[in-house]
Amino acid sequence: TQSTRPQRLLHAVQKNATRGDPRSVVKAIDNFCRQKEWAMNVGDEKGCILDSVVSEVNPVTVLELGTYCGYSTVRIASLLPPRAKIITLEFNPDYAKIARQVIAWAGLEDKIQVVEGPSGEWIPKMKEQFGVKTFDLVFLDHWKDRYLPDTKLLEDCGLLRKGTILLADNVICPGTPDYLEYVRNSPRYKSQYFKSHLEYTKAEDGLEKSVFLG
Ligand SMILES: O=C(NCCCCCn1ccnc1)c1cc(-c2ccc(F)cc2)cc(O)c1O
Ligand SMILES: [Mg+2]
């Protein structure tokens, strides 16, 4: 039976990366995507912007929406202080299965909780299920038409605090127009656009960083 692209990406990690070395896992995925097959990881160019935001925020509690194969999950987790945790939501069970193995190869299982299912159902359960008070950083990288409704849901569930940082991938390509309009015009956010390129291509894309003002 034919393998899937996430399976081939996992095999590239297991073949080329060193167990327990998150940076080698990130490099192996970027090399696979540049040399073999494009895949929708945030990539190295936008990934460096992600790294700088994570290092600046120094978050203790992180929410990632959209795990895919775990590339950005590993990038973020490798920069977290010792007791910090990242909860990452993935709707697609096949993606989640691969991500867990990529995360295990990087040796970051203790910092990461992969949760399977729809973000719209899981966000209201974050407090009771995972003992989360508020998130310090939210990385949005899932269905582009879910960025806005899930942001409003995070507000309504009291999961954002004054100073929480929302960092959104793909605000240009594929694009998240309703989300951009909201965070750029709402008095409750201070937004900043980081121009970059769509992973592994020359097409424009970028990250939008928004601070929740409470
Ligand atoms: O669709 C994307 N991500 C969501 C994947 C499914 C999320 C499932 N889920 C997880 C939790 N709740 C729901 C995505 C797409 C592209 C892209 C860009 C250009 C192109 F021609 C084709 C594709 C680039 C990205 O960087 C992306 O992130
Ligand atoms: Mg993306």
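On a predicted model such as this, the values are computed, not experimentally measured, just so you know. Just so you know, ligand 1 is whichever comes first in the structure, and atom 1 is the first atom listed for that ligand. Both backbone and side-chain heavy atoms feed into the values below; hydrogens, waters and symmetry mates do not.
- For ligand 1, the protein residues placed under 4.0 Å by at least one non-hydrogen atom are W38, M40, G66, L89, E90, F91, D141, H142, W143, K144, D169, N170, C173, P174, L198, E199.
- Its N, O or S atom nearest to the Mg ion (ligand 2) is what matters here, and for D169 that atom is OD2.
- Remark: K127 NZ is packed, more than 12 non-hydrogen atoms of other residues, nucleotides or ligands lying under 6.0 Å away.
- K27 NZ: 12 or fewer foreign heavy atoms inside a 6.0 Å radius.
- A distance-only check finds a donor-acceptor pair linking the side chain of S24 to the backbone of T18 [under 3.5 Å].
- Ring pair Y68/H142: centre-to-centre distance not below 6.0 Å.
- Annotation: cation-pi geometry not satisfied between K85 and F130 (NZ/CZ under 6.0 angstrom from ring centroid, within 45° of ring axis).
- Taking backbone and side chain together, S72 holds no N, O or S atom under 2.8 Å from the Mg ion (ligand 2).
- Of all the N, O or S atoms in D141, the one closest to the Mg ion (ligand 2) is OD1.
- Counting heavy-atom neighbours within 6.0 Å of K125 NZ, excluding the residue itself, gives a total above 12.
- Under 3.5 Å, the side chains of D30 and Y200 contain a donor-acceptor pair of N or O atoms.
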